[in-house]
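Let me begin by presenting the structure, written as structure tokens, before commenting on it.
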Amino acid sequence: MGEVNNNHIAYMVVLVIAVVFVGMVFSLNRIGEIETGLGITGMLATNNTGTATLSATVASSTAISLPVSAIDLGSLQPGEWNSSENSTYTHGGPFDTDRYNTSNITENITIQNDGSINVDIEIYMEEQVTAGNGNFSGTAGCITTNNCFMIRCANVINMNSTGGNCTTPQHAYIALPKAAGTEFVSDLNFTDTDDEAFIVVNVTIPEDEHAGAFTQTLTFTAAAVS
């Protein structure tokens with residue numbers, strides 16, 4: 001094979017450079033045509049979003065408390081009576097269902113719904129021979145008419161609205177029940193601002209009751225409203 005001189009080498013290098021340059025120009029032009037034809041304006045991307053579901057159940061809880069649970073009716077003579085609706089008054093004479101005050105309640109039993117569901121409230125006292133007699137030892141006067149111990153629902157916060165209601169006829173005085181089964185408050189709400197009911201009592205001392213102090217314990221039960 002003949003010798004390759006420097007002139008041949010230089011010529012071949014120039015030719016290679018020219019071919020490479022032409023190839024680059026062709027490739028760039030072709031890429032431009034492809035992008036234009038496809039309408040590519042940027043990088044393709046896919047954006048996926050997802051959702052999640054959170055669920056929970058609030059348990060039904062029936063619970064009540066008595067923020068005010070003690071009433072002092074003061075000193076009474078046999079035959080006298082007093083009402084917790086205004087314990088500063090000492091009333092003489094027999095019990096009269098028309099003589100109670102609905103606008104000036106100074107003492108009462110307060111029932112509060114601490115649960116998570118509306119409740120109905122029943123009140124009773126088992127430690128008495130007959131409903132309304134209380135646990136007195138005397139046998140004359142109010143004992144014979146079963147009205148020694150009378151009780152009623154005086155008010156419910158937002159009564160007849162979201163707070164519930166005093167149950168009729170227990171909005172007026174009735175003889176203190178001996179056993180469960182008499183509803184005094186219906187649908188008492190559990191919301192903080194609407195969760196209290198107020199119970200008042202009227203106690204008459206039997207005419208032949210002996211001197212001494214007496215205490216009566218009432219039972220309050222709550223039943224969830226379905």
Side-chain angles (χ1 to χ4, degrees), residues 60-71 73 81-87 89 91 93-136 142-204 216-226:
S60 174
S61 172
T62 303
I64 60 172
S65 62
L66 301 177
V68 180
S69 59
I71 295 175
L73 295 175
W81 63 276
N82 198 5
S83 169
S84 67
E85 293 183 79
N86 192 329
S87 63
Y89 295 158
H91 306 285
F95 172 77
D96 185 341
T97 56
D98 294 328
R99 294 172 60 188
Y100 61 81
N101 182 354
T102 59
S103 61
N104 188 26
I105 299 175
T106 58
E107 287 193 21
N108 51 257
I109 299 171
T110 301
I111 307 169
Q112 181 171 291
N113 185 351
D114 298 325
S116 60
I117 191 170
N118 289 14
V119 296
D120 297 332
I121 304 295
E122 297 180 0
I123 308 172
Y124 60 96
M125 175 190 168
E126 294 178 336
E127 293 78 18
Q128 55 182 343
V129 176
T130 304
N133 283 0
N135 59 1
F136 295 110
C142 62
I143 292 290
T144 59
T145 53
N146 308 119
N147 63 5
C148 290
F149 202 115
M150 309 291 284
I151 187 169
R152 76 183 187 93
C153 173
N155 189 39
V156 178
I157 295 179
N158 285 340
M159 186 164 62
N160 298 320
S161 180
T162 59
N165 297 276
C166 288
T167 305
T168 304
Q170 282 68 256
H171 194 30
Y173 280 113
I174 67 168
L176 173 64
K178 175 178 170 57
T182 303
E183 181 183 293
F184 283 80
V185 184
S186 62
D187 213 32
L188 180 60
N189 205 313
F190 58 88
T191 305
D192 285 346
T193 56
D194 303 316
D195 65 351
E196 290 185 342
F198 307 100
I199 305 299
V200 293
V201 300
N202 188 299
V203 175
T204 301
Q216 304 227 253
T217 302
L218 308 183
T219 300
F220 293 78
T221 63
V225 177
S226 58

After noting the C-alpha distance and the side-chain angles of Phe184 and Ile174, does the key distance pass the side-chain contact (heavy atoms from CB on, under 4.5 Å) rule? CA-CA 10 Å; Phe184 283 80; Ile174 67 168; 3.6 Å; yes

Would Asn113 and Ile111 satisfy side-chain contact (heavy atoms from CB on, under 4.5 Å), going step by step from the backbone distance to the final call? CA-CA 7 Å; Asn113 185 351; Ile111 307 169; over 6 Å; no

Let's go through Asp114 and Ser65 carefully: what are the C-alpha distance in whole Å and the side-chain angles of both, what is the deciding distance for side-chain hydrogen bond (donor to acceptor under 3.5 Å, both in side chains) to 0.1 Å, and is it a yes or a no? CA-CA 7 Å; Asp114 298 325; Ser65 62; 2.6 Å; yes

For the pair Leu176 and Met150, evaluate side-chain contact (heavy atoms from CB on, under 4.5 Å) and give the outcome as yes or no after the intermediate values. CA-CA 5 Å; Leu176 173 64; Met150 309 291 284; over 6 Å; no

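Among residues two or more places apart in sequence or in another chain, the side-chain hydrogen bond (donor to acceptor under 3.5 Å, both in side chains) test is passed with Thr144 by none. For the ring pair (Phe, Tyr, Trp, His ring centres under 6.0 Å) test, residues two or more places apart in sequence or in another chain that qualify with Phe136 are Phe214. Partners of Thr167 under the side-chain hydrogen bond (donor to acceptor under 3.5 Å, both in side chains) rule, at least two apart in sequence or in another chain, are Glu183. For the side-chain hydrogen bond (donor to acceptor under 3.5 Å, both in side chains) test, residues two or more places apart in sequence or in another chain that qualify with Asn118 are Asp187.
Expressed to the nearest 0.5 Å, how far CD1 of Ile123 lies from CZ of Phe220 amounts to 4.5 Å. With rounding to the nearest 0.5 Å, the separation of CG in Leu73 from CD in Gln216 is 10.0 Å. Leu218 contributes atom CG, which lies 8.0 Å from atom CD1 of Ile71 (distance to the nearest 0.5 angstrom). Separating the CD1 atom in Ile121 from the SG atom in Cys153 is a distance of 10.0 Å, to the nearest 0.5 Å. Rounding to the nearest 0.5 Å places CG of Leu188 at 8.5 Å from CD1 of Ile64. Put simply, CZ on Phe198 and CD1 on Ile109 are 12.0 Å apart, with the number rounded to the nearest 0.5 Å.
Looking at Gln170 and Thr182, their side chains come closer than 4.5 Å, going by heavy atoms from C-beta outward. Here the side chains of Asn202 and Trp81 are in contact, with some heavy-atom distance below 4.5 Å. In this structure, Val68 and Leu66 have side chains that are not in contact, with every pair of non-hydrogen atoms separated by 4.5 Å or more. Between Ile199 and Val185, the closest side-chain pair of non-hydrogen atoms falls below 4.5 Å.
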Taking distance alone, no hydrogens or angles, what donor-acceptor pairs closer than 3.5 Å link side-chain atoms of residues 157-166 to residues at least two apart or in another chain?
unit_1	atom_1	unit_2	atom_2	d
Asn158	ND2	Asp194	OD1	2.4
Thr162	OG1	Asp194	OD2	3.0
Asn165	OD1	Asn160	N	3.1

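Summarising the geometry of Ala222 relative to Thr62, their closest heavy-atom pair is O-CG2, 3.8 Å, with the distance given to 0.1 Å. Looking at every heavy atom in both residues, Asn147 comes nearest to Thr204 through O-OG1, 4.0 Å. In terms of heavy atoms, Tyr173 sits closest to Val201 at OH-O, 3.7 Å. The two residues Met125 and Gly134 come nearest to each other via the heavy atoms CE-C, 4.4 Å. Shown here for Val129 and Lys178, the closest heavy-atom pair between the two residues is O-CD, 3.7 Å. Nearest heavy atoms, Ile151 versus Pro177: CG2-CD, 4.3 Å.
For the residue pair Asn108 and Ser84, no side-chain donor N or O sits within less than 3.5 Å of a side-chain acceptor on the partner. Counted by atom type alone, Asp195 and Asn189 present zero donor-acceptor pairs between their side chains at under 3.5 Å.
Among residue pairs with one or both ends in residues 119-128, none qualify as side-chain hydrogen bond (donor to acceptor under 3.5 Å, both in side chains); sequence neighbours excluded.
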